[in-house]
Amino acid sequence: MRRRRDRAGAALGEIEAVYRSRLADFQRVAAAITGDREAARDVVQDAFAAAVRSRRQFRNDGPLEAWLWRTVVNTARTHRARRPPEEPRRDVYGGANGTGPEAGSAELEIALSVLPERQRLVVFLRYYADLDYRAIADVLAISPGTVGATLHAAHAAVRRSCKEMVR
Amino acid sequence: MSEIDAPLRARLDELVPPFTADGDWSDVLRRAGVRRAGTSSPRLAAAAAALAAAVALLASPALGLGDRLRALVGADARDDIALFRARLASAAGTRAGTFTVASACSRARFDGH
C-alpha cells in the first residue's frame, strides 16, 4: 500500500488490480458503514466507478489503495446519510442460520453506534480491512498517532458498554 | 495487541461476516461510462457501415455513378489527351496492338505577360 507512483493519475489496470484483490474487504467495510449488506455491494461498485471516472485527478501524494479506500468510505457514508432515519437496518448480519446477531453482537452494535464517527471508521478499517495504523492514517488523512489514540478511545468505550468482552 | 482485540474481532465477525468476493469489473466500467479498448460503440459501427455502403453504391458501374464520382474528384478516363500513339506490329508485319501515352490531367498557367 505504500508504493508510490511518479506520475499523476491512476491507470485503469491499477485500479482494477486493487478492486480484484481487496473487493471482499471493501464490501465488508461498506456494509459496516451503511448497515446494509446488499447496498454495500452497490456502494462499492459506485465508488469504483467514481474512482475510474476521476482517476486522472489522483495525485501521487499517497498510495492508490488509500485513495480508493477513501472513495469507498465516503460513498458509503453518503449512502447512509441519504437513508431515511426511520428505515430499519436490513440484513447487515450474515449469520449462517439467518436468525440475526447474538446478544453480545447486538450489544456491540449499540456500542459502536454511539461512538464518534472517526472512532467507528477506525474500528471498521482496523478489524474488517486489516489495515495497519499507517494505512488507516492515509485513508482518513490523519496521523498514525491519532489513529492509535482513536482506536484506544474506541476500545475503552466498547469495554465500558460490553462488560462481557473483558471478563 | 490489547486484551480486547480478540473478543472484539470475534464479535465484529458475527456482526458483519466476511463477504465472498463476487466482483464484476465490467459493471464498474459500465457505471463509469468507460469502454474497454478495442470495443466500439454501436453508433460508430452503424456510421462505418453506412459509409461503406455509400461508397459501394457510388462506385458501382451498374448504377452509372462511378464515372460521375470520378468526374467529381478529377480526371475522366474518356477525356484523356493522347500525347503519343503508335501501332504495335509483329515481326511478320501484322497488327499486334497500340501503344499510347496520354495525359489524364493538363494544366496551363499564365504568368501575366
Side-chain angles (χ1 to χ4, degrees), chain A residues 12 15-17 19-33 35 37 40-42 44-55 92-96 100-102 104-109 111-112 123-124 126-128 130 151-152 154-156 158-159 162 164-167, chain B residues 1-61 63 65-66 68-70 72-74:
Chain A
L12 208 52
I15 298 174
E16 181 180 1
Y19 173 87
R20 293 193 184 284
S21 65
R22 299 299 305 269
L23 178 61
D25 293 332
F26 283 118
Q27 290 175 333
R28 201 175 184 199
V29 169
I33 294 171
R37 214 173 157 80
R41 298 177 199 277
D42 213 36
V44 172
Q45 295 297 101
D46 277 345
F48 270 85
V52 165
R53 279 195 299 269
S54 58
R55 64 188 183 279
V92 68
Y93 308 111
E102 301 296 326
S105 298
E107 196 179 30
L108 175 60
E109 187 197 3
L112 291 173
V123 167
F124 293 158
R126 179 78 187 105
Y127 292 98
Y128 287 143
D130 273 328
L151 195 58
H152 182 77
H155 282 166
V158 167
R159 205 180 278 121
C162 309
E164 89 335 315
M165 264 195 210
V166 289
R167 274 199 298 245
Chain B
M1 182 183 284
S2 69
E3 61 176 4
I4 198 175
D5 219 48
L8 178 58
R9 190 178 291 277
R11 289 295 185 207
L12 285 166
D13 280 350
E14 287 175 17
L15 211 55
V16 184
F19 277 70
T20 52
D22 53 352
D24 183 352
W25 181 247
S26 59
D27 175 57
V28 170
L29 296 182
R30 196 162 44 248
R31 291 177 191 224
V34 173
R35 280 186 299 277
R36 279 197 178 278
T39 61
S40 59
S41 71
R43 190 178 296 177
L44 193 61
L51 182 64
V55 169
L57 272 174
L58 288 172
S60 169
L63 295 175
L65 296 173
R68 284 184 223 167
L69 180 64
R70 280 195 295 274
L72 272 177
V73 297

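Sequence lines set the chain letters: A, B, ... in the order given, protein chains first and strands last, and positions in each chain run from 1.
Annotation: side chain of Val123(A) is in contact with side chain of Leu12(B) (closest heavy-atom distance under 4.5 Å). For the pair Arg41(A) and Asp27(B), the minimum side-chain heavy-atom distance is 4.5 Å or more. Side-chain contact check for Leu12(A) versus Leu29(B): some heavy-atom pair is nearer than 4.5 Å.
Ala49(A) and Ala32(B) make their closest contact through O-CB, 3.5 Å (heavy atoms, listed as atom of the first residue, atom of the second, distance).
Figure legend: Arg37(A) and Phe19(B) shown as a cation-pi pair, the cationic atom lying under 6.0 angstrom from the six-membered ring centre and within 45 degrees of its axis.
Ala47(A) does not touch chain B: none of its heavy atoms, backbone or side chain, sits under 4.5 Å away. With a threshold of 4.5 angstrom between heavy atoms, Asp42(A) approaches chain B through its backbone and through its side chain.
Of the listed residues (Arg53(A), His155(A), Gln45(A)), the one with the most heavy-atom contacts under 4.5 Å to chain B is Gln45(A). Between chain B and the options Val44(A), Leu151(A), Asp46(A), the largest number of non-hydrogen pairs under 4.5 Å is found for Asp46(A).
Put simply, CZ on Arg9(B) and OH on Tyr128(A) are 10.5 Å apart, with the number rounded to the nearest 0.5 Å. A distance of 7.0 Å separates CG of Leu112(A) from CG of Leu8(B), quoted to the nearest 0.5 Å.
A salt bridge does not link Asp5(B) to Arg126(A): none of the charged nitrogens lies less than 4.0 Å from a carboxylate oxygen. Remark: Arg28(A) engages Asp13(B) in a salt bridge, criterion side-chain N to carboxylate O under 4.0 Å.
Note on ring orientation: taking the six-membered ring where Trp is involved, the planes of Tyr19(A) and Trp25(B) are tilted (angle from 30° to 60°).
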